[in-house]
Novice: 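Right, I'll just put the structure down here and ask away after.
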Amino acid sequence: MNFDFEKIEKKWQNNWEKKKIFEVKEDSKKKKFYSLEMYPYPSGSGLHIGHAFNYVLGDIMARFKIMNGFNVLHPMGFDSFGLPAENAAIKAKSHPKIFTEEAIASFVKQQKALGLTYDWSRMVETHKPDYYKWDQWIFLKMFEKKLAFKKESAVNWCPKCKTVLANEQVHNGKCWRHEDTCVEIKHLEQWFLKITDYADELYEDINTLVNWPERIKIMQRNWIGKSEGTEIDFEINNKKWKIFTTRPDTIFGVTFMVISAQHPKLMEIVTSEQKKEVEKFLKKLTSTSEKDLADLEKEGVFTGSYAVNPITKEKVPVYAGNFVVADYGSGMIMAVPAHDDRDFAFAKKYGIKMKKVIIKENELIDSVSDKVEKPFPYSGKLVNSGEFTGLFSDEAKEHITKFLESKNLGKKVVNFKLRDWLVSRQRFWGTPIPIIYCDKCGIVPVPEKDLPVKLPENIKFTSERNPLIDNKGFTDVKCPKCGGKGKRETDTMDTFVNSSWYFFRYCDNKNKKEIFDKKKAKYWMPIDLYIGGAEHACMHLIYFRFYTKFLRDLGLTDLNEPAYDLFNQGMVHGEDGTVMSKSKGNVVDPLEIIKKYSADTLRIFLVSVASPDKDFSWSNTGIESMHKFVNKFINFAINIKKGNSSEKTESKLNRLIKEITEDLGEMRYNLAIIKLRQFIDFASEEKEISKKDLDKIIKLISVFCPYTAEELWSRIGNKEFISLEKWPEYDEKKINSKLEEQEKLIGSLILDVNNIIKIVGDKKKLFVYAIPNEKEVYKEAINQINKKTNLDVSVYSVSDKDKYDPENKSKKAKPQKPAVYLE
RNA sequence: GCGGGAUUGCCAGAGCGGUCAAAUGGGACAGACUCAAAAUCUGUUGGCUCAGUGCCUACAAAGGUUCGAAUCCUUUAUCCCGCACCA
């Protein structure tokens, strides 16, 4: 067989490219489908098998949709700003752009090899000024609306990345890029995006994402962390201080207060007598900050001040504590040691008194002792709570809050765990923040007409710090307001900014006048199917929702959400079942696989092992066998005689089309492939098949194996690209259930015969005794039975007088179960 | 600690109330072809019984719901993944 995969792949790649068949335009007459895989960071080590899996999943859907008449937008781009390229450049004393563009070229080459239906004319590269210009533009819009702002706060600093990180980029106290590196807490002035303004909407709209995986939604809900409670004013030194609590029903149990050690106004509370103690404590904190945060014991120190409980008017001591989060709520809490585990631990340690105010609902008030042996942090019935005694927690929460509201001492509020997004990075290879500092005018945004603020080409990585700082050509500018001396901001933006809206730019990537054309975006958006890994649940997948909502508020889109359908693919593990890693030596390189087998073999194998949302392990024998199947398919298509299809073939083919069409729509690629294989096993045994049916069969495989399909398609005499052909339709009427029924009967007969042979040993002749009306079924199948059993077959009806039946087996015959005799 | 998800035959992986001793692939074994091998094809692959439609034990473990459970519920165990002092 003359089928050189390498040549064929090149040939069709070229043909597709020359004819630009995957380039698309808006067409209001056609239904659109936006199929998107998360764009990669173009790392120097190239495309790995996980990328390949990701892209193939999306590509199969894209191809399926194209063939079903959709106008399919299937673009690809690169998240090409970022640290690895910068670090490589520092090492080689070069420019990150060089590394980045080399890496992109190699990515593109590999992606093209995979036979993907990308519209390359829409490629987006975030490190190019014509892209990041619009990052800056959005930043200015946010600045205008006070959503981009600068503030000093305690921030996460990764000593390895030498930059600050967003909350989302800190996992277990470590940097997301450096599992072995604890982040440090630094107090710095940094740029933030006010994502918290959208917290409630981001939280509530999760409910509209019906086609997102449940676990991603749960993760986002946890991350945004909406909780409803009460804000209460406590008086400290004649000033009101707010606290947030979800348990206002325990307010009679407050025996102390704790203010966060990081609270910016901590010192206002600290009395002069306690100042030394507090400062000692704070020092100790910074030295422990590098320890594993999770194991920190609850510690604190008395501030010297007392707070007045707004309801009981009791005076309770105020502590500074290490376990109170500074920027959640108001950074201060009311402590109820009898009903909270943490408060209990703290009170025990410092010998603070406790007061029981909640008991179990079924306990009697009088029978309860005042001693607190362990905290009871649940809802219950109030005791020792003045006029509220006897109420259940839920009603008490309401009544107490109303009471406070009536006295103007508190109110119902909603709080979120979500923090503002820290976007400043002290690194070179990112989007410059378009801000100029002027001694006279302060913070001045770069005027829109001056965008983009370009990264200089001519830079030197001399010291450890961001080379922008020492680049006078970059930093020294005139103030756009007063014309005086100004200095540019040298921090760049988090790369997650770039990826927060790239999917909009695909809709109109060459637009020089606007971020994108509203009409074009309206046509293509939202993303119909977004495929990527689950690791972005609380980073990219929150940010891109935030940006979409912001763009909507700018009037650039009507959408509340960028993607209503999200799919998380599983991980591809090494053959040993563990995560692929160089050190384990179990890495599979897609390029090598393509070379050894073919891109089609790789594609179809990747989606054949398991359901695409599940992790699966690479298998060398598995890909081997898939390659055999691809070859078998080719042999079948080339060698089968083109004539007429049997009724059985037609029946099976129509059922196959029906089922595969359903499976593909639901992304059950693995099941579709099984059915396709079974069909080919069957069809290979057929004498001939009609050209029309063969066409359909090749179309079915084309979504998995596009190169092979194109080649076969043209070899059997078709002119157009199969990639653009119409998906086959099935004819329900051709599905012959009678034939299917008969096949089942023959199958079970053969099973029985084999079973008997297993027991009694080899035989030569088979006599079948069917009940009269089934005789014909078996008669028609004589050849088939013979082929499968290698026996000389005779078929009788039980009522046949002249039948050969020496042991009188025929009397055992039943409907659907003929009697048999072997000799 | 909290919250998700998983647990199927030698392995991988379908199945998600009856048609299930459980698709499909890999592996293993046997057979056909061949001088032989590779490729290809066929069969077997829980146990017992047996010239077949039978019985038993089975889908992590134990209970439960049901006429009926791999499939639903409860508890337990193991594994994976997220969040971890958010008041």
Novice: Could you measure between the two C1' atoms, the one in B:C33 and the one in B:U40, and give it in whole Å?
Specialist: 9 Å

Novice: Give A:Arg419 one of three labels, base, sugar-phosphate or nothing, depending on what nucleic acid heavy atoms sit under 4.0 Å from its own.
Specialist: base

Novice: Scan A:Pro818 against the nucleic acid and name what it touches under 4.0 Å (heavy atoms): base, sugar-phosphate only, or nothing.
Specialist: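 The residue A:Pro818 makes base contact.
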
Novice: By the 4.0 Å heavy-atom rule, please label A:Val609 as base, sugar-phosphate, or nothing.
Specialist: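 Since only primed, P, OP1 and OP2 atoms lie under 4.0 Å of A:Val609, the category is sugar-phosphate.
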
Novice: Output the rounded distance in Å from CD (A:Glu624) to P (B:C11).
Specialist: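 A:Glu624 atom CD is separated from B:C11 atom P by 23 Å.
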
Novice: Work out how far the C1' atom of B:A22 is from that of B:G13, and round it to whole angstrom.
Specialist: 12 Å

Novice: Between A:Lys632 and B:U40, is there a side-chain N or O to OP1/OP2 distance below 4.0 Å?
Specialist: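 Looking at the OP1 and OP2 atoms of B:U40, neither is under 4.0 Å from any side-chain N or O of A:Lys632.
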
Novice: For B:C29 versus B:C81, give the span between their C1' atoms, rounded off to a whole number of Å.
Specialist: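 These two C1' atoms come out 40 Å apart once rounded.
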
Novice: Once you apply a heavy-atom cut-off of 4.0 Å, does A:Val336 come out as touching a base, just sugar-phosphate, or nothing?
Specialist: nothing

Novice: Under 3.5 Å for both donor-acceptor distances, Watson-Crick or wobble: does B:U78 have a partner, and if so which one?
Specialist: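 With both distances under 3.5 Å, B:U78 matches B:A6.
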
Novice: Starting from C1' on B:G1, measure out to CZ on A:Phe344 and report it in whole angstrom.
Specialist: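 My rounded result for the distance is 17 Å.
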
Novice: Rounded to the Å, how far apart are A:Asp663 CG and B:A14 P?
Specialist: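 Rounding to the nearest Å, CG of A:Asp663 and P of B:A14 are 13 Å apart.
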
Novice: So A:Tyr821, base contact, sugar-phosphate only, or nothing? Heavy-atom distance under 4.0 Å.
Specialist: base

Novice: For B:C59 and B:U53, measure between their P atoms and round to the nearest Å.
Specialist: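 Each nucleotide's P atom is 24 Å from the other's.
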
Novice: Look through every strand shown and name the nucleotide pairing with B:A12 as Watson-Crick or G-U wobble, where both distances are under 3.5 Å.
Specialist: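 Pairing partner, where one exists within any strand: B:U24.
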
Novice: Please work out if A:Ser619 contacts a base, only the sugar-phosphate, or nothing of the nucleic acid, heavy-atom cut-off 4.0 Å.
Specialist: nothing

Novice: Find the distance A:Tyr669:OH to B:A23:P and express it as a whole number of Å.
Specialist: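 So the OH-P distance, A:Tyr669 to B:A23, works out to 26 Å.
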
Novice: Can you tell me how far C1' in B:U57 sits from the matching atom in B:U74, rounded to whole Å?
Specialist: 25 Å

Novice: Mind checking if A:Lys675 touches a base, just sugar-phosphate, or nothing, with heavy atoms under 4.0 Å?
Specialist: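 Here A:Lys675 touches no strand at all.
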
Novice: Provide the distance between the two P atoms, one in B:G15 and one in B:U7, to the nearest whole Å.
Specialist: 11 Å

Novice: For B:C72, what is the paired nucleotide under Watson-Crick or G-U wobble rules, both distances under 3.5 Å?
Specialist: B:G64

Novice: Using the C1' atoms only, state how far B:A28 lies from B:C79, rounded to an integer number of Å.
Specialist: 28 Å

Novice: Name the orientation class of the two ring planes belonging to A:Phe346 and A:Tyr350 (parallel below 30°, tilted from 30 to 60°, perpendicular beyond 60°).
Specialist: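 Aromatic pair A:Phe346/A:Tyr350 classed tilted.
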
Novice: One thing to verify: whether A:Glu299 and A:Lys349 come together as a salt bridge, which I'm taking to mean a side-chain N less than 4.0 angstrom from a carboxylate O.
Specialist: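 A:Glu299 and A:Lys349: salt-bridged.
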
Novice: Let's see if you can work this out: which of B:G15, B:A39, B:G3 has an atom nearest to the side-chain heavy atoms of A:Lys628?
Specialist: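 Given the options B:G15, B:A39, B:G3, the side chain of A:Lys628 is closest to B:A39.
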
Novice: Look at the side chain of A:Ile674 and decide which nucleotide, out of B:U24, B:A14, B:A87, has an atom nearest to it.
Specialist: B:U24

Novice: Quick one: are A:Glu740 and A:Ile735 in side-chain contact, heavy atoms under 4.5 Å?
Specialist: yes

Novice: Quick one: label A:Val820 by what it contacts on the DNA or RNA (base, sugar-phosphate, nothing), any heavy atom closer than 4.0 Å.
Specialist: base

Novice: Which part of the nucleic acid does A:Ile218 contact within heavy-atom distance under 4.0 Å: base, sugar-phosphate only, or nothing?
Specialist: sugar-phosphate

Novice: Both distances below 3.5 Å, Watson-Crick or wobble geometry, any strand: find the nucleotide opposite B:G1.
Specialist: B:C83

Novice: When all nucleic acid strands are considered with a 4.0 Å heavy-atom cut-off, which category describes A:Gln678: base, sugar-phosphate, or nothing?
Specialist: sugar-phosphate

Novice: Pick the closest RNA chain B nucleotide for A:Thr621 and for A:Asp752 by heavy atoms, then say which residue is nearer the 5' end.
Specialist: A:Thr621

Novice: Counting the atoms with a prime plus P, OP1 and OP2 as sugar-phosphate, which does A:Ser617 contact under 4.0 Å by heavy atoms, base, sugar-phosphate, or nothing?
Specialist: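 No contact.
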
Novice: If you check the A:Tyr328 side chain, which of B:C83, B:A87, B:A14 turns out closest?
Specialist: B:A87

Novice: Would you indicate what A:Ala335 reaches in the nucleic acid, counting non-hydrogen atoms under 4.0 angstrom: base, sugar-phosphate, or nothing?
Specialist: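 Contact class for A:Ala335: none.
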
Novice: Which sits closer to the 5' end of RNA chain B, A:Gly331 or A:Leu822, going by the nucleotide each is nearest to?
Specialist: A:Leu822

Novice: B:C2 C1' sits how many Å from A:Arg215 CZ, rounded?
Specialist: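 After rounding, the gap between these two atoms is 17 Å.
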
Novice: Please report the distance separating the C1' of B:G43 from the corresponding atom of B:C56, rounded so that it comes out in whole Å.
Specialist: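 Between the two C1' atoms, the distance is 26 Å.
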
Novice: Before giving the answer on side-chain hydrogen bond (donor to acceptor under 3.5 Å, both in side chains), spell out for A:Glu168 and A:Trp223 the whole-Å C-alpha distance, their side-chain angles and the decisive distance to 0.1 Å.
Specialist: CA-CA 9 Å; A:Glu168 287 79 2; A:Trp223 185 261; 3.1 Å; yes

Novice: In terms of relative ring orientation, are A:Tyr796 and A:Tyr769 parallel, tilted or perpendicular, with 30° and 60° separating the classes?
Specialist: parallel

Novice: For B:U53, what is the paired nucleotide under Watson-Crick or G-U wobble rules, both distances under 3.5 Å?
Specialist: none

Novice: If I take atom NE2 in residue A:His573 and atom P in nucleotide B:G13, what distance separates them, rounded to the nearest angstrom?
Specialist: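 After rounding, the reported distance stands at 10 Å.
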
Novice: Determine the contact category for A:Ser227: base if any of its heavy atoms lies under 4.0 Å from a base atom, sugar-phosphate if only primed atoms, P, OP1 or OP2 are that close, otherwise nothing.
Specialist: sugar-phosphate

Novice: Any donor and acceptor pair, going by atom type alone, linking the side chain of A:Lys355 with main-chain N or O of A:Phe252 inside 3.5 Å?
Specialist: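 Yes; judged by distance alone, with no hydrogens or angles, the pair exists.
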
Novice: Taking only the side-chain heavy atoms of A:Ala610 (C-beta and beyond), determine which of B:A23, B:G13, B:C85 contains the nearest atom.
Specialist: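 Selected nucleotide: B:G13.
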
Novice: Is there a side-chain contact between A:Ser625 and the phosphate of B:G26, meaning an N or O under 4.0 Å from OP1 or OP2?
Specialist: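 True: A:Ser625 side-chain N/O within range (under 4.0 Å) of B:G26 OP1/OP2.
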
Novice: Which nucleotide in the list B:A87, B:G15, B:G3 gets nearest to the side chain of A:Thr245?
Specialist: B:A87

Novice: Checking the side chain of A:Arg545 only, and the main-chain atoms of A:Leu202 only, is there a donor and an acceptor separated by less than 3.5 Å?
Specialist: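 Yes, the answer is positive, given that a donor and an acceptor are paired below the 3.5 Å cut-off.
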
Novice: When we call it a touch if two heavy atoms are under 4.0 Å apart, what does A:Asp615 touch: a base, just sugar-phosphate, or nothing?
Specialist: sugar-phosphate

Novice: Would you call A:Asp681 and A:Lys632 a salt bridge, using N to O less than 4.0 angstrom?
Specialist: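 Judged by the 4.0 Å cut-off on N to carboxylate O distance, A:Asp681 and A:Lys632 do form a salt bridge.
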
Novice: Could you check how far CD of A:Glu575 sits from P of B:G27, rounded to whole Å?
Specialist: 11 Å

Novice: Please name the nucleotide paired to B:U34 by Watson-Crick or G-U wobble geometry with both distances under 3.5 Å, or report none.
Specialist: none

Novice: Name the closest nucleotide to the A:Asn670 side chain, picking from B:A14, B:A87, B:C83.
Specialist: B:A14

Novice: Is there a side-chain contact between A:Lys417 and the phosphate of B:A87, meaning an N or O under 4.0 Å from OP1 or OP2?
Specialist: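 False: A:Lys417 side-chain N/O out of range (4.0 Å or more) of B:A87 OP1/OP2.
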
Novice: Should A:Val324 and A:Met332 count as side-chain neighbours, where that means a heavy-atom distance under 4.5 Å?
Specialist: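 Not touching, per the 4.5 Å side-chain cut-off.
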
Novice: For B:G43, which nucleotide is its Watson-Crick or G-U wobble mate, given both distances must be under 3.5 Å?
Specialist: B:C29

